[in-house]
There are 2 protein chains.
Amino acid sequence: MLGLKMTEQRKIIVKVLSESSDHPDVELVHKRASKIDKRIGIATVYRTIKLFEDNNLLEKHEFKGYSSRYETVRENHHHLIDIRSGRVKEFRNTLVDAMQKQVAKEMGFQLVDYRLELYAIPIKNKRSKK
Amino acid sequence: MLGLKMTEQRKIIVKVLSESSDHPDVELVHKRASKIDKRIGIATVYRTIKLFEDNNLLEKHEFKGYSSRYETVRENHHHLIDIRSGRVKEFRNTLVDAMQKQVAKEMGFQLVDYRLELYAIPIKNKRSKK
DNA sequence: CTAGCTGCAAAACATTTGCATTTCG
DNA sequence: CGAAATGCAAATGTTTTGCAGCTAG
C-alpha cells in the first residue's frame, strides 16, 4: 500500500505476533521468529515492530519492571500484571473510561489517551476460580 | 539511621528534590545540583535517587515518551501529562481507587499497586480558567 | 531495474558498576 | 580509623542507525 514490501521476514513477524497473546517483548518476538527462520536479525524485528506501531497495528506497553512489550491493537482494554509471573490479564471498565475523560475535562484538558495498569498478586484462594 | 551518611552531595540532592515540584528526571536533578556544587557526578545522583526510591522517599514515574521522572512520596494521587509541554498535573479520585481494588479482587488478585495516567492536551478555551 | 529491506556492527541512550580515592562519623 | 560514599570511566541493556549488499514488485 504505502510502498511496503511483504518480505519473508515481515511475514514471519506478522505470523508470530498474531499467534502471540502474551504481550511479548522484542527479544521474545525475535526468538520466536528465529525458530521459523534462523536468518532474522533483531534490528529487523525492532524496525518492523516500530513500523507496525507507527501504523497503529501494534500497541506498545511499558509495564513497570519489564522491557517494552507489544500486542496487536484491539478494542480498548486495560491490563492487570501478575507481578509474580509477569503474566498479563486484560479487563475493561467503561465506567472508569468515562470517568477519565471527565476528570481531564474538569482540569481543562482534552483526553488523548490514558494508561491504567493494575499490579497485583494472585489470591492463593481455593475453589473460587471465578 | 541505617548507616547512611549525610554527605555534602546528598544534602544538595535532597535540597534540589524538595524544591522541585515538576517531576524532574535524573539528568535535570543533576543539572540543578551542579548549579549548587559543580563537583557532583551523575552516577552519584543515580545512586542517591535509587537509594531514596528504595527507602520509599521518592517515587519513580515512567511516563510514555519521557525518561524516568521522580517526585517525593506524598499522599496517593495520579497524573495528567500535558503531551504538548511535558508538564504534569496531579489529581486524585478515591472512587476510582476503590474501583481498581474491586476489579482486581474480581479477577482473583490482590491489588498491590496501580498506575493511572492521563495524556491530554489543554483546551484552548477562554475564560473558563476553572 | 531500483526503492525499499535486511543483516551486521557500530552508535546512541539511559542506567549501573568496578575501583581507587575521599569523607563522614 | 574504617565503613560508606564519590567520581570517573568502563560495562550494561535496550533500541537506533549507517552502510553495503539483497529482493520484492
Nearest whole Å is fine: how far is [N] [atom2] from [X] [atom1]?
X        : N       : atom1 : atom2 : value
Arg39(B) : dC8(D)  : CZ    : C1'   : 12 Å
His30(A) : dT14(D) : NE2   : P     : 14 Å
Lys38(B) : dC8(D)  : NZ    : P     : 12 Å
Lys64(B) : dT15(D) : NZ    : P     : 15 Å
Leu4(B)  : dG25(C) : CG    : P     : 10 Å
Tyr66(B) : dA14(C) : OH    : C1'   : 17 Å
Asp54(B) : dT16(C) : CG    : C1'   : 13 Å
Asp37(B) : dG7(D)  : CG    : P     : 8 Å

Is a salt bridge present between Arg32(A) and Asp22(A), judged by a nitrogen-to-oxygen distance below 4.0 Å?
->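 Looking at Asp22(A) together with Arg32(A), the answer is yes, because their closest N to O distance falls below 4.0 Å.
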Are Arg39(A) and Glu8(A) ion-paired here, with the side-chain N under 4.0 Å from a carboxylate O?
-> no
Between dC8(C), dT16(C), dA5(D), which one does the side chain of Thr7(B) approach most closely?
-> dA5(D)
Look at the side chain of Arg10(A) and decide which nucleotide, out of dT17(D), dA9(D), dT6(C), has an atom nearest to it.
-> dT6(C)
Looking only at side chains, do His77(B) and Glu71(B) share a donor and an acceptor under 3.5 Å apart?
->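 Judged by distance alone, the side chains do pair up.
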Are His79(A) and Glu117(A) close enough that a side-chain donor and a side-chain acceptor fall under 3.5 Å?
->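 Looking only at side-chain atoms, Glu117(A) and His79(A) do not form any donor-acceptor pair under 3.5 Å.
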By nearest nucleotide on DNA chain C, pick out whichever of Gly41(A) and Val26(B) is the more 5' one.
->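 Between the two, 5'-proximity favours Gly41(A).
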Toward the 5' end of DNA chain C, which comes first, Glu8(A) or Ser68(B), by nearest nucleotide?
->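 Mapping each residue to its closest nucleotide by heavy atoms, the 5'-most match is Glu8(A).
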Are the side chains of Arg69(B) and Leu28(B) in touch, meaning some heavy atoms are under 4.5 Å apart?
->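 Not in contact.
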Please work out if Ile40(B) contacts a base, only the sugar-phosphate, or nothing of the nucleic acid, heavy-atom cut-off 4.0 Å.
-> sugar-phosphate
Per the atom types in the model, does the base of dG4(C) pair as donor or acceptor with the side chain of Arg47(A) at under 3.5 Å?
-> no
Could you tell me whether the side chain of Lys5(A) has a donor or acceptor atom within less than 3.5 Å of a complementary atom in the base of dT23(D)?
->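 Yes, the side chain and the base share a sub-3.5 Å donor-acceptor pair.
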Output yes when at least one side-chain N/O atom of [X] is less than 4.0 Å from OP1 or OP2 of [N], else no.
X        : N       : result
Gln9(B)  : dC24(C) : no
Tyr46(A) : dT15(D) : yes
Lys50(A) : dT15(D) : no

